[in-house]
Amino acid sequence: MKSQRRVGSHLGAGSQGSHAFALMRSLAMRFRGILRSRKSSKLDIWIDDAVDSGLFSIVRFARVLRRDIGAVRNAIELPWSNGQAEGQINRLKTIKRAMYGRAGPELLRTRMLPLNTSHHHTK
């Protein structure tokens, strides 16, 4: 039943044609403006408008934003980023995927940890 609703909502959006596209584009551009301005003051109004739009994907996205509004506001306004941590997590997952089924945790440890030179003799 749920998949039928999704198909129906996509068909409905398609039959409305350019109006649905124009509404989606307008919401996307406004959201982009909020992100670029780094000011979350217009976020609540945007979320309300997005939920009222009736566009399935936009409504779902707006509801997820509302669920964690504090974190969303911080992400917009604060200069800090978790990019370094996400990069390291991505690196670990890539190595793990490449080694899946080939070796045990010892090889993974060897590939992930930097070489510890304090254990090597340098004479």
Side-chain angles (χ1 to χ4, degrees):
M1 185 74 175
K2 192 173 188 178
S3 63
Q4 289 175 344
R5 272 190 258 141
R6 282 187 184 165
V7 171
S9 68
H10 290 298
L11 291 175
S15 66
Q16 291 174 356
S18 62
H19 172 70
F21 179 78
L23 179 58
M24 179 180 64
R25 187 176 190 287
S26 171
L27 287 166
M29 297 303 287
R30 284 175 51 203
F31 189 72
R32 179 180 175 211
I34 291 169
L35 294 178
R36 287 190 169 208
S37 72
R38 306 208 51 85
K39 296 176 185 164
S40 66
S41 59
K42 296 179 181 178
L43 187 61
D44 290 322
I45 295 168
W46 185 91
I47 290 173
D48 291 340
D49 291 347
V51 169
D52 293 341
S53 74
L55 299 170
F56 177 76
S57 298
I58 300 289
V59 170
R60 190 171 68 185
F61 177 68
R63 286 181 178 155
V64 170
L65 290 180
R66 185 174 281 152
R67 228 182 296 154
D68 202 4
I69 193 70
V72 174
R73 287 187 192 287
N74 287 340
I76 292 171
E77 295 174 358
L78 299 177
W80 301 294
S81 168
N82 64 344
Q84 280 292 340
E86 292 296 330
Q88 291 300 322
I89 290 168
N90 186 43
R91 178 174 166 258
L92 172 62
K93 287 181 178 181
T94 301
I95 291 170
K96 183 179 170 185
R97 265 187 238 110
M99 293 176 34
Y100 184 74
R102 298 184 198 166
E106 191 57 40
L107 181 58
L108 178 61
R109 192 173 301 115
T110 302
R111 295 230 15 223
M112 281 304 297
L113 297 177
L115 183 61
N116 189 351
T117 56
S118 65
H119 291 211
H120 300 287
H121 297 288
T122 55
K123 286 188 178 181

Item to complete: Check the pair Ile58 / Phe31 against side chain to side chain contact (heavy atoms under 4.5 Å, CB included), numbers first and verdict last.
Response: CA-CA 11 Å; Ile58 300 289; Phe31 189 72; over 6 Å; no

Starting at [atom1] of [X], measure out to [atom2] of [Y] and round the result to the nearest 0.5 Å.
| X | Y | atom1 | atom2 | result |
| --- | --- | --- | --- | --- |
| Ile34 | Arg30 | CD1 | CZ | 6.5 Å |
| Ile76 | Ile69 | CD1 | CD1 | 7.0 Å |
| Arg25 | Ser18 | CZ | OG | 13.0 Å |
| Gln84 | Glu86 | CD | CD | 11.0 Å |
| Ser26 | Trp46 | OG | CH2 | 10.5 Å |
| Leu43 | Asp48 | CG | CG | 9.5 Å |

Worksheet entry | Exceeds 12 heavy-atom contacts within 6.0 angstrom, atom CD1 of Ile45 | no

Fill in: CZ (Arg38) with more than 12 external heavy atoms under 6.0 Å
yes

Worksheet item: Run the side chain to side chain contact (heavy atoms under 4.5 Å, CB included) check on Val72 and Arg67 step by step: do they pass?
Response: CA-CA 9 Å; Val72 174; Arg67 228 182 296 154; over 6 Å; no

Discussion item. Give me the atom names and distance for the closest heavy-atom approach of Ala62 to Val51.
Written reply: CB-CG2, 3.8 Å

Discussion item. Is there a continuous path of hydrophobic side-chain contacts, each under 4.5 Å between heavy atoms, that joins Phe56 to Val59?
Written reply: no

Practice prompt. Begin with the C-alpha distance, continue with both residues' side-chain angles, and end with the deciding distance and a verdict on side chain to side chain contact (heavy atoms under 4.5 Å, CB included) for Leu27 and Leu23.
Written response: CA-CA 6 Å; Leu27 287 166; Leu23 179 58; 4.3 Å; yes

